[in-house]
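In what follows, a single structure is set out as structure tokens and then discussed.
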Amino acid sequence: RQAKNGGSPVSVTYFGGAYNTFQKDPYLGMPDKFYDMNWDRVSFVNQLMISRKWNNYISTQIGGAYVHYNLVGAANGLAKNDVIVGTGIIRAKFNKRQAIIFEYGARLSTDYGANDPLTNQPMKYYDCLGAGWEIETGGHVFQVFVTNSFGILENQFLIKNEGDYSTSGMRIGFNIMRVFSVGGKKGSW
């Protein structure tokens with residue numbers, strides 16, 4: 001936990017994820033298979049996040065992410081297996097129960113797009129950018145976002161983002177969060 005005196009002024013969190021795609025094999029019916037084994041469908045994300053609550057209204061988070069795909073190629077749009085992304089989030093409360101959130105993910109390696117098999121042009125990916133409105137209702141937190149990302153998982157929106165925010169490639173998203181506690185107060189069941 002963060003503390004003003006006698007503790008750490010920041011929180012450090014590690015996030016790891018493993019994902020398996022159920023995408024239809026693009027070479028289905030041909031002599032070769034794109035997904036030769038199920039392991040080819042797996043990708044991983046490792047992320048280290050450093051956050052700080054500056055006061056009752058402003059919180060920030062910066063971090064880095066390492067994304068690895070077990071398989072690359074034109075069908076999944078990647079020429080390389082590994083990508084590093086720098087991320088940043090700012091959350092600004094404007095009253096007791098509402099906040100505005102801004103998020104940006106900068107791809108530090110940008111030469112991982114494969115050539116599109118139809119046009120033979122490089123796949124174009126963009127940094128992720130989003131803004132949201134957060135409403136706390138006591139037990140639930142509701143978030144409405146406008147973002148240029150189509151994917152909801154880290155292995156999608158951090159590196160395989162085809163939405164160009166400069167040409168209105170924006171989407172609307174919605175989250176609902178609820179925290180459930182198991183057990184009672186300290187010293188009781």
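In this chain, residues are counted from 1 in sequence order.
Side-chain contacts under 4.5 Å among hydrophobic residues (ILVMFWY), followed directly or transitively, place Phe180 with no other residue at all. Cluster partners of Phe22, using a side-chain heavy-atom cutoff of under 4.5 Å among ILVMFWY residues and allowing indirect links: none. Taking Ile, Leu, Val, Met, Phe, Trp and Tyr as hydrophobic and joining them when side-chain heavy atoms fall under 4.5 Å apart, one finds Met177 in a cluster with Val141.
Applying the side chain to side chain contact (heavy atoms under 4.5 Å, CB included) criterion to Val42, with sequence neighbours excluded, gives Asn20, Trp39, Phe44, Asn70. For Tyr112, the ring pair (Phe, Tyr, Trp, His ring centres under 6.0 Å) partners are Tyr125, not counting sequence neighbours. With sequence neighbours left out, Ser149 forms a side chain to side chain contact (heavy atoms under 4.5 Å, CB included) with Cys128, Thr147, Phe157, Asn161. Residues satisfying the side chain to side chain contact (heavy atoms under 4.5 Å, CB included) criterion with Ile176, sequence neighbours excluded, are His140, Phe142, Phe174. Scanning for side-chain hydrogen bond (donor to acceptor under 3.5 Å, both in side chains) contacts around Lys80 gives Asp111, with sequence neighbours left out. Partners of Ile101 according to the side chain to side chain contact (heavy atoms under 4.5 Å, CB included) rule, which considers only residues two or more places apart in sequence or in another chain, are Ile89, Arg91, Glu134, Gln143, Phe145.
Listed by first and then second residue, the salt bridge (Lys or Arg N to Asp or Glu O under 4.0 Å) pairs involving residues 55-78 amount to none (not counting sequence neighbours). Note on residues 38-47: no pairs pass salt bridge (Lys or Arg N to Asp or Glu O under 4.0 Å), not counting sequence neighbours.
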Under 3.5 Å donor-acceptor pairs involving side-chain atoms of residues 56-66, not counting sequence neighbours:
{"unit_1": "Thr60", "atom_1": "OG1", "unit_2": "Trp54", "atom_2": "NE1", "d": "2.8"}
{"unit_1": "Tyr66", "atom_1": "OH", "unit_2": "Asp82", "atom_2": "OD1", "d": "2.9"}
{"unit_1": "Tyr66", "atom_1": "OH", "unit_2": "Asp82", "atom_2": "OD2", "d": "3.4"}

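The side-chain heavy atoms of Ile90 and Tyr104, taken from C-beta on, include no pair separated by under 4.5 Å.
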